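To keep things clear, I will list the structure first and then write my remarks on it.
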Amino acid sequence: MCGRFTLTAPVAALETLFEAEAGDVTDMPRHNICPTQDIAVVVAHAGARHIVPMRWGFIPRWYKTPSDGPLLINARSETIAGKPAFRDACRTRRCLIPASGFYEWTATAGKGKEPWYIHPAAPDDGVIAFAGVWQSWTAPEGKRLVTAAIVTTAANESLAPVHHRMPVIVAPEDWALWLGEAGKGAATLMRPAPEDLLTRHRVSTRVNGMKAEDPELIAPLPATA
DNA sequence: CCAGACGTTGTT
DNA sequence: GTCTGG
DNA sequence: CCAGACGTTGTT
DNA sequence: GTCTGG
């Protein structure tokens with residue numbers, strides 16, 4: 001699953017990578033992105049790609065308030081096409097959510113929950129793209145909120161020791177298909193990532209706190225005796 | 001027909 | 001809003 | 001995802 | 001314990 005992630009690339013780099021024009025997206029490294037916060041999202045609209053801010057936590061159209069139901073930070077790929085909450089979004093409002101990596105927690109008896117940082121194994125600062133769906137929600141008073149959820153799938157073999165779910169990661173050659181720019185077949189992209197794409201290491205439990213934000217959050221834990 | 005759900009995660 | 005259950 | 005709240009009364 | 005908020 002994916003309940004916390006990072007994005008440390010500058011907006012200008014995202015514009016180049018995704019061939020998209022950035023809107024009102026805050027340009028700052030983020031090492032601890034939490035649900036309900038604004039995230040950068042890539043959408044295709046009128047023949048061009050745009051990077052826009054959205055609230056992380058999908059609000060179905062029928063909610064009377066943003067908390068009229070559970071916080072939908074994820075959408076299961078196995079059922080997304082049929083669920084009333086996500087069906088329309090799955091068909092017509094897919095998006096990509098750029099990330100540098102994400103966190104998972106393991107619960108080991110006697111050790112409490114231990115956070116891991118999971119990121120591309122390639123030695124550069126590779127940005128990955130989560131599959132997402134988005135929804136514009138209008139409050140009764142007329143206020144508009146644009147929201148998004150990250151699509152999840154079964155964990156691949158290499159991630160399974162840490163968690164049994166993982167975000168769907170869309171390879172660059174498939175971005176156009178997921179964004180709806182290249183015909184049908186987006187559903188086939190909702191599968192676990194290749195086994196060699198990601199690597200991981202333990203990080204400090206400081207990341208548990210939502211207010212923590214600094215580069216040391218993703219630093220490997222010092223070796224312990 | 002109307003009333004009520006509509007969702008994810010993990011854990012038991 | 002749409003779908004399911006009674 | 002984790003952290004933090006979770007409640008009432010009256011008085012200021 | 002469960003629910004809400006970030």
Side-chain angles (χ1 to χ4, degrees), chain A residues 1-7 26 28 30-40 53-93 97 99-119 128 130-140 142-155 159-169 190 192 198 200-214 217-218:
Chain A
M1 167 298 160
C2 186
R4 216 72 84 78
F5 67 99
T6 66
L7 179 60
T26 307
M28 58 182 293
R30 298 176 67 190
H31 299 88
N32 191 9
I33 301 172
C34 302
T36 72
Q37 293 180 350
D38 272 2
I39 58 176
M54 294 188 189
R55 176 194 189 267
W56 184 18
F58 187 103
I59 305 181
R61 208 176 269 300
W62 66 81
Y63 276 28
K64 291 178 195 70
T65 68
S67 52
D68 206 9
L71 192 56
L72 303 177
I73 64 174
N74 296 136
R76 291 178 63 89
S77 58
E78 296 90 338
T79 54
I80 190 171
K83 296 285 183 185
F86 298 123
R87 205 184 68 164
D88 292 348
C90 177
R91 205 172 52 235
T92 64
R93 291 188 306 277
I97 299 170
S100 301
F102 58 100
Y103 298 99
E104 298 284 4
W105 281 258
T106 50
T108 309
K111 285 189 175 180
K113 287 202 169 186
E114 302 187 303
W116 295 78
Y117 185 55
I118 298 138
H119 59 100
I128 52 180
F130 297 150
V133 287
W134 65 275
Q135 171 78 58
S136 178
W137 178 83
T138 307
K143 206 176 78 176
R144 227 171 64 104
L145 209 50
V146 182
T147 66
I150 295 170
V151 180
T152 63
T153 185
L159 190 62
V162 170
H163 208 67
H164 69 112
R165 304 290 297 170
M166 72 185 298
V168 169
I169 298 169
M190 295 192 287
L198 302 169
R200 64 177 177 268
H201 56 256
R202 279 277 284 109
V203 293
S204 164
T205 53
R206 285 198 309 114
V207 76
N208 293 13
M210 295 170 301
K211 282 181 265 187
E213 170 54 275
D214 59 82
L217 290 175
I218 63 171

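Predicted, not measured: the structure shown is a model, and the values here were computed from it. Each chain gets a letter, A, B and so on, in the order the sequences are listed, and its residues count up from 1.
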### Query
A:Tyr117: what forms a ring-ring contact (aromatic ring centres under 6.0 Å, His included) with it, not counting sequence neighbours?
A:Tyr103, A:His119, A:His201
### Query
Taking only residues two or more places apart in sequence, or in another chain, which ones meet A:Trp137 in a side chain to side chain donor-acceptor pair (under 3.5 Å)?
none
Polar atom pairs (N or O), protein with nucleotides 2-4 of chain D, under 3.5 Å:
from	atom 1	to	atom 2	distance (Å)
D:dC2	OP1	A:Lys113	NZ	3.3
D:dC2	OP2	A:Lys113	NZ	3.2
D:dC2	O4'	A:Arg4	NH2	2.9
D:dC2	O3'	A:Asn208	O	3.3

### Contact summary for A:Arg165 and A:Ala154, nearest pair of heavy atoms
NH1-N, 3.6 Å
### Task
Identify the residue among A:Phe86, A:Tyr63, A:Trp134 that makes a ring pair (Phe, Tyr, Trp, His ring centres under 6.0 Å) with A:Phe58.
A:Phe86
### Query
Out of A:Glu213, A:Lys211, A:Arg4, which one pairs with A:Asn32 under the side chain to side chain donor-acceptor pair (under 3.5 Å) rule?
A:Arg4
### Task
To the nearest Å, give me how far apart CH2 (A:Trp56) and C1' (B:dT9) are.
12 Å
### A:Asp214 bridged to A:Arg206 by N-O distance under 4.0 Å
yes
### Query
So, A:Trp62 versus A:Asp68: side-chain donor-acceptor pair below 3.5 Å or not?
no
### Task
Grab the two heavy atoms, one from A:Glu104 and one from A:Cys2, that are nearest each other, plus how far apart they are.
OE2-N, 4.2 Å
### Message
Tell me the interatomic distance from A:Ile39, atom CD1, to D:dC1, atom C1', rounded to whole angstroms.
### Response
14 Å
### Query
Considering residues at least two apart in sequence or located in another chain, which fulfil the side chain to side chain donor-acceptor pair (under 3.5 Å) criterion with A:Thr106?
A:Trp116
### Message
Categorize A:Arg76 for me: base, sugar-phosphate, or nothing, with a 4.0 angstrom heavy-atom threshold over every strand shown.
### Response
sugar-phosphate
Anything under 3.5 Å between a protein N or O and an N or O of nucleotides 2-6 of chain C, put it in a table, one pair a line.
from	atom 1	to	atom 2	distance (Å)
C:dC3	OP1	A:Arg87	NH1	3.4

### Message
With a 3.5 Å distance limit and no angle check, can you tell me whether A:Thr153 reaches the backbone of A:Val168 through a side-chain donor-acceptor pair?
### Response
no
### Query
For D:dC1, does either OP1 or OP2 sit under 4.0 Å from a side-chain N or O belonging to A:Thr36?
no
### Query
What integer distance in Å separates A:Arg165:CZ from B:dT11:P?
14 Å
### Query
What distance, rounded to whole Å, do you find between the two P atoms, one in B:dA5 and one in E:dC3?
14 Å
### Pair assignment for DNA chain D - dot-bracket with | for other-strand partners, Watson-Crick or G-U under 3.5 Å
||||||......
### Query
Reckon A:Phe5 touches a base, only the sugar-phosphate, or nothing at all at heavy-atom distances under 4.0 Å?
nothing
### Query
Quick one: A:Ile150 CD1 to D:dC1 C1', roughly how many Å, whole number?
11 Å
### Task
Determine the Euclidean distance between corresponding P atoms of B:dT11 and D:dC2; express it in Å to zero decimal places.
9 Å
### Query
For atom P, what is the distance between D:dG7 and E:dT2, given to the nearest Å?
15 Å
### Query
With no hydrogens and no angle check, is any side-chain donor or acceptor of A:Ser77 less than 3.5 Å from a backbone partner on A:Thr152?
yes
### Message
Would you say A:Thr152 places a side-chain N or O within less than 4.0 Å of OP1 or OP2 belonging to B:dT8?
### Response
no
### Message
In whole Å, measure the gap between the P atoms of D:dC1 and B:dT12 for me.
### Response
14 Å
### Message
Can you measure A:Arg93 atom CZ to C:dG1 atom C1' for me and round it to whole angstrom units?
### Response
12 Å
#### Entry: Side-chain touch A:Trp56/A:Ile150, heavy atoms, less than 4.5 angstrom
yes
### Query
Tell me: OH of A:Tyr63 to P of B:dA5, nearest whole Å?
13 Å
### Message
Please classify the nucleic acid contact of A:Pro35 as base, sugar-phosphate, or nothing, using heavy-atom distances under 4.0 Å.
### Response
base
